[in-house]
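To start, the structure itself, in structure tokens.
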There are 2 protein chains.
Amino acid sequence: MSEKRVRADARRNEDAVLEAAKAVFASSGVDAPVREIAAKAGVGLGTIYRRFPERSDLVAAVFRREVDTCAAEATALAESHPPGEALVLWLKRYTAFIATKRGLAAALHSGDPAFEKLPGYFRSNFEPALTALLDAAAAAGEVRAGVAAYDLLRAVGNLSIASDEDGPAYTAGMVDLLIDGLRFRAVRPAEK
Amino acid sequence: MSEKRVRADARRNEDAVLEAAKAVFASSGVDAPVREIAAKAGVGLGTIYRRFPERSDLVAAVFRREVDTCAAEATALAESHPPGEALVLWLKRYTAFIATKRGLAAALHSGDPAFEKLPGYFRSNFEPALTALLDAAAAAGEVRAGVAAYDLLRAVGNLSIASDEDGPAYTAGMVDLLIDGLRFRAVRPAEK
DNA sequence: ACATAAACGGATCAATGTTCCGTTTATGTC
DNA sequence: GACATAAACGGAACATTGATCCGTTTATGT
């Protein structure tokens, strides 16, 4: 079923709203009022609600957009870095992404139907991205083979669950350890 | 500094409010409106806000009360069951407690200052309770020694993070496995 | 240039968190 | 038991926010 063409001003406003929402969530938290987002985007409330029927739909859209951006960065890194380096850089990027999702995570587990498809979206975007990086790095002999992307994604997610203020340093240190664990027992091509 | 005596009707209403809040959170979710809680408790809105300056203070109070109840059950179980059995029963009770805190967990991670002392309250109540049960069970040779209560509490918490509808069954099964892991390599007193 | 439909935006409404203050009641003293 | 007093009560009112509605504006196709 062909999608009805969307006007240019509608596309422009949608982008503005998503950018504004991202910035407002970062500065005022994921519970910041829609009026603040509208003011920052320079649009009316009706403009936001015409495109996002409920506030949670807007939150979910921001999340999906950031998943898209982070997943796309895997391809970009693979094109400009050696396999092992690309993998490490992306895992650090992903860890940073998870860190900024703390407040969003609370909303995600609120039971709101708008969020129920997000875990799947998350997985269907990140898993292929990381699998590609892992395969390339393993083929280059820079990491061991046989590590499932999903397991790594969950591991970083779990390691990011920290209850003290030293959380970020702890998480970064543990992710470094994880990466070194990947390197250990890598099989160099010439050794095969 | 001596605490000013609180009137009997004030104490009665506070209990009524906390009981009502617990029931309303269970039936309507942790975001249920204060008006619903007031109606169920049979008090006015001013009565709630006089004792709990903000809604999040009420949520935190409900949580502390349930932590108190669950922790106290450890002592009660120890008095009426053999050590190993008391340990198992309490771990299951604790698992059930964690399960009912899903919605509350979202609120807890919202960044609200009312909740920032709760992890400490949680830990300072549950850790001694579980340590006592573990020590008694180890002394009876029913479980291995050397397992930190805090590690177990966190493990059950982490195992309770499930993203599908089979979560409860999965969690129960994994907690059973954990308990069996405790039993394995228990040192019977006569074998020492 | 014009017709038309998509998009806009902000006033308005409903719901909820929170405050305020006149009224009620528990408690201590005589 | 009467009385004074202060603690507690409760619901109307206020502020804020999610969401809706409809007159106006603007993008787009002919």
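Every heavy atom of this structure was used, including side-chain atoms; hydrogens, water molecules and symmetry mates were not. Labels below follow one simple rule: chain letters A, B, ... track the order of the sequence lines, proteins then strands, and each chain is numbered from 1.
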Checklist entry - Once you round to the nearest 0.5 Å, how far does OG1 of A:Thr69 lie from NZ of A:Lys22? => result 6.5 Å
Polar-atom pairs under 3.5 Å, protein N or O versus N or O of nucleotides 2-5 of chain D: list them with distances, or write none.
none

Checklist entry - If the sugar-phosphate is the primed atoms plus P, OP1 and OP2 and the base is the rest, what is the B/S/- string for nucleotides 18-30 of chain D, using protein heavy atoms under 4.0 Å? => result BBBB----BSSS-
Whole-Å distance separating the [atom1] atom of [X] from the [atom2] atom of [N]:
X: A:Ile37; N: D:dT17; atom1: CD1; atom2: C1'; value: 12 Å
X: B:Glu36; N: C:dG17; atom1: CD; atom2: P; value: 10 Å
X: B:Ile48; N: C:dT16; atom1: CD1; atom2: P; value: 14 Å
X: A:Arg11; N: C:dA6; atom1: CZ; atom2: P; value: 15 Å

Next on the checklist: Show, in sequence, the C-alpha distance, side-chain angles and deciding distance for B:Asp31 and B:Phe25, and conclude whether the side-chain contact (heavy atoms from CB on, under 4.5 Å) test is met.
Outcome noted: CA-CA 7 Å; B:Asp31 290 327; B:Phe25 290 160; over 6 Å; no
Checklist entry - When you look at A:Leu89 and A:His81, which way does the side-chain contact (heavy atoms from CB on, under 4.5 Å) test go after all the steps? => result CA-CA 9 Å; A:Leu89 286 170; A:His81 291 86; 3.6 Å; yes
Checklist entry - D:dA8 phosphate, OP1 or OP2: any side-chain N/O from B:Thr47 under 4.0 angstrom? => result no
Checklist entry - Would one find a side-chain N or O of B:Asn13 under 4.0 angstrom from OP1 or OP2 of D:dC9? => result yes
Item to check | Watson-Crick and G-U pairing of DNA chain D, under 3.5 Å, as dot-bracket with | and [ ] | outcome: ||||||||||||||||||||||||||||||
Checklist entry - If you take all heavy atoms of B:Ser28 and B:Glu36, which pair is closest and at what distance? => result OG-OE2, 2.8 Å
Next on the checklist: Within the 4.5 Å heavy-atom criterion, are A:Leu18 and A:Leu58 side-chain neighbours or not?
Outcome noted: yes
Checklist entry - Parallel under 30°, tilted from 30 to 60°, perpendicular over 60°: which one fits the rings of A:Phe122 and A:Phe97? => result tilted
Checklist entry - Any sub-3.5 Å donor-acceptor pair from B:Trp90's side-chain atoms to B:Cys70's backbone N or O? => result yes
Next on the checklist: Can you confirm whether the side chains of A:Asp68 and A:Tyr121 place a donor and an acceptor under 3.5 Å from each other?
Outcome noted: yes
Item to check | Donor on one side chain, acceptor on other, B:Thr47 and B:Asn13, under 3.5 Å | outcome: no
Next on the checklist: Please determine whether salt bridge (charged side-chain N to carboxylate O under 4.0 Å, His left out) holds for the pair A:Asp180 and A:Arg183, giving the CA-CA distance in whole Å, both sets of side-chain angles, and the decisive distance to 0.1 Å.
Outcome noted: CA-CA 5 Å; A:Asp180 282 343; A:Arg183 287 180 174 125; 2.8 Å; yes
Next on the checklist: Between B:Glu19 and B:Arg65, does the salt bridge (charged side-chain N to carboxylate O under 4.0 Å, His left out) criterion hold? Intermediate values first, please.
Outcome noted: CA-CA 10 Å; B:Glu19 278 297 321; B:Arg65 202 160 180 268; 3.0 Å; yes
